[in-house]
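Working notes, beginning with the structure itself.
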Number of protein chains: 2
Amino acid sequence: MKKISRRTIPRTLLYLRTLESLIKEGRYTVSSGELARITGLTDVQIRKDISNFGRVGTPRIGYKTRELKNILKDYVLPENIIRMVLFGAGSLGTAILKYPGFRKQRLKISAAFDKDKRKTGKTINGVKVYPVERAPEVIRKSRVDIGIIAVPSEHGQEVADLMVGSGLKGIVNFAPVSLNLPENVSARDIDLSIEFLALYCDTRM
Amino acid sequence: MKKISRRTIPRTLLYLRTLESLIKEGRYTVSSGELARITGLTDVQIRKDISNFGRVGTPRIGYKTRELKNILKDYVLPENIIRMVLFGAGSLGTAILKYPGFRKQRLKISAAFDKDKRKTGKTINGVKVYPVERAPEVIRKSRVDIGIIAVPSEHGQEVADLMVGSGLKGIVNFAPVSLNLPENVSARDIDLSIEFLALYCDTRM
DNA sequence: TTGTAATCGTTACAAATTTCACGATTTTTA
DNA sequence: TAAAAATCGTGAAATTTGTAACGATTACAA
Ligand SMILES: NC(=O)c1ccc[n+]([C@@H]2O[C@H](COP(=O)([O-])OP(=O)(O)OC[C@H]3O[C@@H](n4cnc5c(N)ncnc54)[C@H](O)[C@@H]3O)[C@@H](O)[C@H]2O)c1
Ligand SMILES: NC(=O)c1ccc[n+]([C@@H]2O[C@H](COP(=O)([O-])OP(=O)(O)OC[C@H]3O[C@@H](n4cnc5c(N)ncnc54)[C@H](O)[C@@H]3O)[C@@H](O)[C@H]2O)c1
């Protein structure tokens with residue numbers, strides 16, 4: 001099993017998303033050239049990425065959509081459901097809790113936590129909102145993989161510490177603050193302001 | 001004025017965010033090493049990025065927080081406010097509309113658009129929600145720079161076409177669908193499912 | 001059955017990005 | 001005043017990432 005380079009993983013997930021959409025349209029095959037047109041990448045890059053996973057395409061035909069989907073899945077999706085918890089049932093947190101699209105991706109939010117007593121006790125879209133103190137207990141009990149930070153940035157670090165202390169190994173952080181985390185915890189920061197500003201720079205060049 | 005390489009731009013915005021936070025704490029200077037510890041990048045990378053903008057640091061001292069902030073701002077932030085419009089006042093769209101943090105970054109949402117008559121007419125956090133048909137007119141009138149797509153993925157392309165037709169040059173797309181756009185329009189796709197899944201892959205390696 | 005066109009997979013190449021190594025500069029202090 | 005310590009800036013090396021070129025393979029049509 002070859003080592004997959006860092007950037008190919010999100011691209012592979014994008015191929016998966018595209019394949020699922022093509023399958024839904026009833027397509028049986030697709031070429032690297034067409035995937036390139038759809039995704040905005042180049043055909044060579046796509047062939048190269050896919051070649052990481054074995055020889056799967058057929059000259060003159062391309063790739064069989066279902067077959068390719070299953071192969072890619074084996075490499076980048078787990079068999080079991082990915083369990084997540086959310087900290088901060090505010091406006092962004094609530095939007096995430098309400099989103100029905102995660103289920104299809106085997107992503108499940110097991111629980112939410114909030115500091116504000118007016119938010120706790122409720123159930124949003126089937127997910128219970130606990131007081132933040134109960135986080136370690138609830139997280140340990142339900143074998144959670146990933147934590148989502150959707151609290152104000154001033155509380156980002158304290159929530160991150162709580163997550164690490166509860167054994168989480170991955171954090172998605174929406175708060176515009178840099179987290180101090182141990183080596184063995186992975187994080188992805190999504191700062192929407194930076195996204196908008198960077199896009200604006202892109203448009204000026 | 002040197003050409004700034006593509007990846008340095010979001011990093012520079014991250015330095016700005018960090019500097020603003022340090023300034024708020026009352027810090028007058030900061031070294032590349034300390035910026036590295038905070039942001040998780042390396043000190044060399046930070047010095048190299050900053051060197052794009054001129055010789056601004058002082059040996060033995062580091063960088064003056066305010067001075068560096070102003071210099072970076074000149075390169076990656078516009079003088080004027082960046083105007084944005086939002087399509088889809090659903091749960092994610094509403095969270096974005098309600099977020100007060102954009103103002104500090106000179107980001108302003110000028111208007112929102114929705115197809116659903118139950119959502120239009122309202123004002124969310126001071127932003128009017130118009131019927132989607134009025135988009136071209138409203139966008140042209142208010143010199144908007146960027147459009148945000150927060151509609152279901154089935155409607156992503158039609159909304160993108162409407163944006164392009166109204167003259168927008170940048171699109172941030174939250175819908176899990178690949179958009180077909182002309183060359184001269186920049187886009188950034190934020191697919192939260194892919195973010196979560198890619199993070200999960202990261203934790204398994 | 002054979003030629004042709006489309007497409008894959010891969011090797012070699014190019015470009016971008018990051019890291020390394022180290023000299024230069026400035027402050028501190030002995 | 002001179003040595004020491006901390007830090008910057010930068011050219012060169014290393015790494016990563018992406019691109020181009022092209023032979024190999026397959027389906028299909030003549
Ligand atoms: N809403 C957006 O569109 C948007 C955009 C960019 C960034 N963000 C960032 O995402 C984060 C959440 O934004 P939001 O708009 O949902 O904020 P919000 O104020 O609506 O919600 C924050 C929630 O976190 C809870 N909370 C506070 N401290 C907590 C703690 N220690 N533990 C658990 N819960 C705690 C609060 O009670 C509240 O319910 C913020 O960091 C914000 O900067 C949001
Ligand atoms: N909410 C999340 O956390 C989340 C997570 C991942 C991805 N997304 C994506 O973000 C997008 C929005 O998600 P959401 O949860 O806010 O959905 P939502 O259903 O709550 O809201 C969608 C809104 O778009 C409006 N709309 C539909 N077609 C439109 C059109 N042609 N023009 C204008 N408005 C139109 C609807 O009336 C509705 O108000 C979706 O593509 C979704 O897949 C959301």
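Within every chain, numbering begins at 1; the chains are lettered A, B, ... in the order of the sequence lines, protein sequences first and strands thereafter.
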Could you pull out the closest heavy-atom pair between A:Ala160 and A:Leu181, with the gap in Å? CB-CD2, 4.0 Å
How long is the line joining CD1 of A:Ile61 and P of C:dG9, in whole Å? 13 Å
Please determine, for the side chain of A:Ser51, which listed nucleotide (D:dG9, D:dT7, C:dT10) has the closest atom? C:dT10
When the distance from CD1 of B:Ile71 to C1' of D:dG9 is rounded to whole Å, what number comes out? 14 Å
Does A:Arg7 make a side-chain N or O approach to OP1 or OP2 of D:dT17 shorter than 4.0 Å? yes
On DNA chain D, more 5' by nearest nucleotide between A:Thr42 and B:Gly54 is B:Gly54
Under 4.0 Å: is that the gap between some side-chain N or O of A:Arg55 and OP1 or OP2 of D:dA24? no
Closest non-hydrogen contact found for A:Ser178 with B:Ile38 is CB-O, 3.2 Å
Check whether B:Asp145 reaches the backbone of B:Ile82 with its side chain - one donor and one acceptor, N or O, closer than 3.5 Å. no
Closest heavy-atom contact between B:Leu168 and B:Val185? O-CG2, 3.8 Å
Grab the CZ-P distance between A:Arg6 and D:dT16 for me, whole Å please. 11 Å
Using a cut-off of 4.0 Å on non-hydrogen atoms, how would the nucleic acid contact of A:Ile50 be classed: base, sugar-phosphate, or nothing? nothing
I want to check one thing: is the phosphate of C:dT17, taken as OP1 and OP2, less than 4.0 Å away from some side-chain N or O of B:Arg11? no
Please list, by residue number, the residues of residues 30-38 of chain A whose heavy atoms come closer than 4.0 Å to an atom of DNA chain C; answer none if no residue qualifies. A:Ser31, A:Ser32
Report yes if at least one side-chain N or O of B:Thr58 is closer than 4.0 Å to OP1 or OP2 of C:dT26; otherwise report no. no
Side chain B:Lys48 and base C:dT19 donor-acceptor under 3.5 Å: yes
Distance, rounded to the nearest Å, where B:Ile46 contributes CD1 and D:dC8 contributes P: 9 Å
Strictly below 4.0 Å: does B:Arg47 bring a side-chain N or O up to OP1 or OP2 of D:dC8? yes
Sequence neighbours excluded, the answer for ring pair (Phe, Tyr, Trp, His ring centres under 6.0 Å) partners of A:Tyr130 is A:Phe113
Please tell me which of B:Val44 and A:Val44 maps to the more 5' nucleotide of DNA chain C, matching each residue to the nucleotide holding its nearest heavy atom. A:Val44
In whole angstrom, give the distance that lies between atom CD1 of B:Ile9 and atom P of C:dT17. 10 Å
Check for a donor-acceptor pair, side chain of A:Thr65 on one end and backbone N or O of A:Arg27 on the other, with a separation under 3.5 Å. yes
If you go through the side-chain atoms of A:Arg60, does one of them form a donor-acceptor pair with the base of C:dA6 closer than 3.5 Å? no
Are any of B:Tyr63's side-chain N or O atoms less than 4.0 Å away from OP1 or OP2 of D:dG9? yes
Quick one: A:Asn52 CG to C:dC8 P, roughly how many Å, whole number? 16 Å
Do you see a donor-acceptor pair shorter than 3.5 Å between the side chains of A:Asp49 and A:Gln45? no
When you measure from the side-chain N and O atoms of B:Ser5 to the phosphate of C:dT17, is any distance below 4.0 Å, counting only OP1 and OP2? yes
With a 4.5 Å limit on heavy-atom distance, are the side chains of B:Ile149 and B:Met163 in contact? yes
A:Gln45 CD to C:dG9 P, in whole Å, measures 15 Å
Round to a whole Å and report the spacing from CG of B:Asp43 to C1' of C:dT18. 12 Å
